[in-house]
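One structure is given below, encoded as structure tokens.
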There are 2 protein chains.
Amino acid sequence: MSENLKLENQVCFPIYNLAKEVIGQYRPILAELDLTYSQYLVMLVLWEKGEQNVSEIGSQLNLDSGTLTPLLKRLELKKLIERKRKASDERVVSITLTKEGKEKQALAECIPTKIAEALNISTEDLIELKTLVEKIVTQINKTK
Amino acid sequence: MSENLKLENQVCFPIYNLAKEVIGQYRPILAELDLTYSQYLVMLVLWEKGEQNVSEIGSQLNLDSGTLTPLLKRLELKKLIERKRKASDERVVSITLTKEGKEKQALAECIPTKIAEALNISTEDLIELKTLVEKIVTQINKTK
DNA sequence: AACAATTAAATTGCGCACAACTTAATTGTG
DNA sequence: CACAATTAAGTTGTGCGCAATTTAATTGTT
């Protein structure tokens, strides 16, 4: 067969695999906080920025309302956030952290360290990877 | 807030994003072949290796029967593959390409080139990324 | 041979991720 | 002011991805 359709020559397969692998490393660690990886990302945004509406969260995480609405409802069900429509613009749903949601941040502090250990990579490789990946993402978005 | 929980300092977020981005680039191209990215990966394995059973496909793609069984049923529905239990061991389901499935390979030949164009990255960056990503995946799997 | 242990797929259930569409509120324009 | 256009979020439907469990066949052990 032609070389370019061989699995080992695919560039995107390792990326797809790495992403799954990395999220798999997060899974048991985040499970202790009763969070999924995507939920954790939303919490990171809220811990850092405070009150945000759905589309603001979406633009930072590259997720649309089809993904976020049910996810946010689950976070609300866990009493970590509140969803409330803005009086100034009833179309906009404002997301705020509850007391419990804010408190969860302290428990999350150790996660980056735990992940770094689990991934078992040197800081240099990690930075190199991050730089390269971001460069490529920027490159891709340039063409849009 | 503590620096290590800032979104921009997360290493895994860019990886997760890149994987989504890359699969997003495949989507319209594969849609012309009526395939999803995961289905394409399965087809790659079959085009390269010929007849394979479910767990052989799974170990190459890091997917379990919970993912593969319904996916393979969809490929069967599209008449691209056949699923048949082996006479020698009735537990094993053997997957073979149909005529139509084999013919699809010719249509797929152009995909790697199209993706490389869509990603808009230099071959050097692509190889560097692949090497680094594979190194890290190997590293992670070492600890298991 | 009998039966416990193992193995391969399938099933069930949950949570994304995204396309396409809907609903409702707001804004812009004649 | 009226109404078309736009915007924000929600809804619906499809397809993974994975954990946990089930089913059925095979293998190992006594």
Side-chain angles (χ1 to χ4, degrees), chain A residues 12-13 16-31 33-43 52-59 61-78 80-81 83-95, chain B residues 12-13 16-28 30-31 33-43 52-78 80-81 83-95:
Chain A
C12 304
F13 180 56
Y16 155 85
N17 257 317
L18 178 61
K20 283 200 303 174
E21 196 69 60
V22 163
I23 292 174
Q25 298 291 328
Y26 272 98
R27 198 166 292 117
I29 295 171
L30 288 174
L33 300 194
D34 188 29
L35 288 174
T36 65
Y37 183 65
S38 310
Q39 289 167 11
Y40 172 64
L41 290 178
V42 170
M43 294 303 285
Q52 297 272 289
N53 63 45
V54 176
S55 55
E56 283 169 344
I57 296 172
S59 67
L61 301 180
N62 301 311
L63 294 171
D64 69 2
S65 68
T67 302
L68 283 174
T69 298
L71 187 156
L72 291 168
K73 282 181 181 174
R74 282 187 284 271
L75 287 178
E76 188 180 37
L77 219 71
K78 294 183 198 174
L80 298 177
I81 64 163
R83 299 161 64 245
K84 198 150 61 173
R85 290 199 178 264
K86 282 197 169 166
S88 58
D89 186 342
E90 289 281 349
R91 291 171 305 180
V92 177
V93 171
S94 165
I95 310 295
Chain B
C12 304
F13 180 57
Y16 155 85
N17 257 315
L18 178 61
K20 283 201 303 173
E21 194 71 59
V22 164
I23 292 174
Q25 298 290 328
Y26 272 98
R27 198 167 292 117
L30 288 174
L33 301 193
D34 188 30
L35 289 174
T36 65
Y37 184 66
S38 310
Q39 289 167 11
Y40 172 64
L41 291 178
V42 170
M43 294 303 286
Q52 297 272 290
N53 64 44
V54 176
S55 55
E56 283 168 343
I57 296 172
S59 68
Q60 288 166 81
L61 301 181
N62 301 311
L63 295 171
D64 68 3
S65 68
T67 302
L68 283 175
T69 298
L71 188 156
L72 291 168
K73 282 181 180 174
R74 283 187 283 271
L75 287 178
E76 188 181 36
L77 219 71
K78 295 183 199 175
L80 298 177
I81 64 163
R83 299 162 62 246
K84 198 151 60 175
R85 289 198 179 266
K86 282 197 168 164
S88 58
D89 186 342
E90 289 281 350
R91 291 171 303 180
V92 177
V93 170
S94 165
I95 309 296

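Treat the numbers as computed from the prediction; the structure is a model and nothing was measured. Letters go in sequence order (proteins before strands), and every chain restarts at 1.
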Can you measure [X] atom [atom1] to [N] atom [atom2] for me and round it to whole angstrom units?
X: A/D64; N: D/dT12; atom1: CG; atom2: P; result: 16 Å
X: B/Q39; N: D/dG17; atom1: CD; atom2: C1'; result: 14 Å
X: A/Y16; N: D/dC18; atom1: OH; atom2: P; result: 7 Å
X: A/R74; N: C/dG15; atom1: CZ; atom2: C1'; result: 5 Å
X: A/D89; N: D/dA9; atom1: CG; atom2: P; result: 8 Å
X: A/I23; N: C/dG15; atom1: CD1; atom2: P; result: 16 Å
X: A/R27; N: D/dG17; atom1: CZ; atom2: P; result: 11 Å
X: B/D34; N: D/dG15; atom1: CG; atom2: P; result: 9 Å

Heavy atoms only: give me the nearest [X]-[Y] pair and the separation to one decimal.
X: B/V42; Y: B/I57; result: CG2-CG2, 4.1 Å
X: B/Y16; Y: A/S38; result: OH-OG, 4.3 Å
X: A/P28; Y: A/G24; result: CD-O, 3.2 Å
X: A/R83; Y: A/E76; result: NH1-OE1, 3.2 Å

Nearest to the [X] side chain among [options], which nucleotide is it?
X: B/L63; options: C/dA9, D/dG15, D/dG17; value: D/dG17
X: A/L71; options: D/dA9, C/dC16, C/dT11; value: C/dC16
X: B/S55; options: C/dC18, C/dA9, D/dA9; value: C/dA9
X: A/T67; options: C/dA17, D/dT6, D/dA19; value: C/dA17
X: B/S65; options: C/dA10, C/dA8, D/dC18; value: C/dA10
X: A/E90; options: D/dC16, D/dA8, C/dT26; value: C/dT26

Among A/T69, A/L71, A/L77, whose side chain to side chain contact (heavy atoms under 4.5 Å, CB included) with A/K73 holds?
-> A/T69
Just to confirm, is there a sub-4.0 Å distance from OP1 or OP2 of [N] to any side-chain nitrogen or oxygen of [X]?
X: B/T36; N: D/dG15; answer: no
X: B/R85; N: D/dA24; answer: no
X: A/T69; N: D/dT11; answer: no
X: B/K73; N: C/dT11; answer: yes
X: A/R83; N: D/dA9; answer: no

Relative to the 5' end of DNA chain D, which residue comes earlier, A/N53 or B/P70, by the nucleotide with the nearest heavy atom?
-> A/N53
Which residue lies more 5' along DNA chain D, comparing A/V93 with A/K20 via nearest heavy atoms = A/V93
Indicate yes or no: at least one non-hydrogen side-chain atom of B/L41 is less than 4.5 angstrom from one of A/F13.
-> yes
Describe the nucleic acid contact of A/L68 in one word from base, sugar-phosphate, nothing, applying a heavy-atom distance below 4.0 Å.
->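 Here A/L68 touches no strand at all.
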Just checking B/K86: base, sugar-phosphate only, or nothing, at a heavy-atom cut-off of under 4.0 Å?
-> nothing
